[in-house]
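The chains referred to below are lettered A, B, ... by the order of the sequence lines, with proteins before strands, and numbering in each begins at 1.
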Amino acid sequence: EDQVTQSPEALRLQEGESSSLNCSYTVSGLRGLFWYRQDPGKGPEFLFTLYSAGEEKEKERLKATLTKKESFLHITAPKPEDSATYLCAVQRTGGFKTIFGAGTRLFVKA
Amino acid sequence: DARVTQTPRHKVTEMGQEVTMRCQPILGHNTVFWYRQTMMQGLELLAYFRNRAPLDDSGMPKDRFSAEMPDATLATLKIQPSEPRDSAVYFCASGLVPGTVTGELFFGEGSRLTVL
């Protein structure tokens with residue numbers, strides 16, 4: 001059965017304190033792994049898609065990497081506006097079913 | 001500015017009542033997903049459609065939930081009868097799959113349901 005597990009559940013950082021979020025996955029036929037950001041009271045917003053092991057994507061202070069079993073979202077020198085819930089999702093081939101992990105709530109203090 | 005539109009944004013109802021949530025996907029998108037989000041379970045996939053045909057609704061309690069796409073511009077999620085445990089935020093998302101480079105989904109703002 002397809003499964004996505006994110007850790008930690010919550011992460012508290014000081015402004016400028018770099019860290020990483022983890023997403024472990026099990027899926028039969030991976031089409032893509034996605035990272036989304038969700039602010040309170042809003043729907044998730046797309047950040048990255050990764051398709052194959054070894055791939056990396058960057059956007060401002062965020063960098064996503066992918067291996068055959070997990071993905072990391074690295075946050076470099078975070079700012080308070082980076083505070084949000086970060087969701088990982090996997091989409092399978094042949095039907096495009098997309099399932100999400102429970103998310104990591106990130107708090108960045110000034 | 002293309003976006004997914006969901007109605008109602010908020011709904012408070014009593015146990016046993018019928019609830020219908022509506023979603024207008026982005027024009028041209030061929031895939032529509034319904035998710036339910038709670039603090040305990042996170043985002044759970046309820047059902048999804050491709051080209052208006054249901055592909056998977058295994059995440060839905062079949063006895064009370066139903067999902068349809070009467071046309072390409074409207075997806076509905078119905079709960080009858082509703083129960084307090086159905087209280088959650090229900091999200092609709094649409095995408096063009098395959099076809100886009102990124103494969104991303106676009107989410108609506110959600111429908112917050114409270115069943116008393």
Discussion item. Is T38(B) close to chain A through its backbone or its side chain, or both, or neither, when contacts mean heavy atoms under 4.5 Å?
Written reply: neither
Worksheet item: Which bit of L87(A) comes within less than 4.5 Å of chain B, counting heavy atoms only: side chain, backbone, both or neither?
Response: side chain
Discussion item. Side chains of K42(A) and F107(B), heavy atoms from C-beta outward: is any pair under 4.5 Å?
Written reply: no
Item to complete: Measure across G41(A) and R9(B) and return the closest heavy-atom pair with its distance rounded to 0.1 Å.
Response: O-NH2, 4.0 Å
Fill in: Side-chain heavy atoms of Y48(B) within contact of T98(A), under 4.5 Å
no
Item to complete: Let me know if F106(B) has heavy atoms under 4.5 Å from chain A in its side chain, its backbone, both or neither.
Response: neither
Worksheet item: More than 12 heavy atoms of other residues, nucleotides or ligands under 6.0 Å from NZ of K57(A): is that the case?
Response: yes
Worksheet, complete the sentence: The reported gap from CZ in F91(B) to CD in Q38(A) (rounded to nearest 0.5 angstrom) is 5.0 Å
Item to complete: Answer with yes or no whether the hydrophobic clustering places F48(A) together with L43(B); edges join I, L, V, M, F, W, Y residues whose side-chain heavy atoms lie under 4.5 Å apart.
Response: yes
Fill in: Crowding at CZ, R37(A) (>12 non-hydrogen neighbours, <6.0 Å)
yes
Worksheet item: Do F100(A) and L77(B) share a hydrophobic cluster, counting only Ile, Leu, Val, Met, Phe, Trp and Tyr and linking them when any side-chain heavy atoms are less than 4.5 Å apart?
Response: no
Worksheet item: For the residue pair E109(B) and G43(A), what are the closest heavy atoms and their distance?
Response: OE1-N, 4.1 Å
Discussion item. Checking one residue: L27(B). Which other hydrophobic residues are in its cluster under the side-chain 4.5 Å linking rule?
Written reply: none
Worksheet entry | Q14(A) CD: over 12 foreign heavy atoms closer than 6.0 Å | yes
Worksheet, complete the sentence: Heavy-atom nearest pair, Y36(A) first then L105(B), reads OH-N, 2.8 Å
Worksheet item: NZ of K62(B): more than 12 outside heavy atoms within 6.0 angstrom?
Response: yes
Worksheet item: Relative to chain A, which segment of L45(B) carries a heavy atom at a distance below 4.5 Å: side chain, backbone, both, or neither?
Response: side chain
Practice prompt. Please state whether the side chain, the backbone, both or neither of E45(A) comes within less than 4.5 Å of a heavy atom of chain B.
Written response: neither
Item to complete: Might you confirm whether atom CZ of R105(A) has over 12 heavy atoms from other residues, nucleotides or ligands at distances under 6.0 Å?
Response: no
Worksheet item: Is chain A contacted by the side chain of Q37(B), its backbone, both, or neither, given a heavy-atom distance below 4.5 Å?
Response: side chain
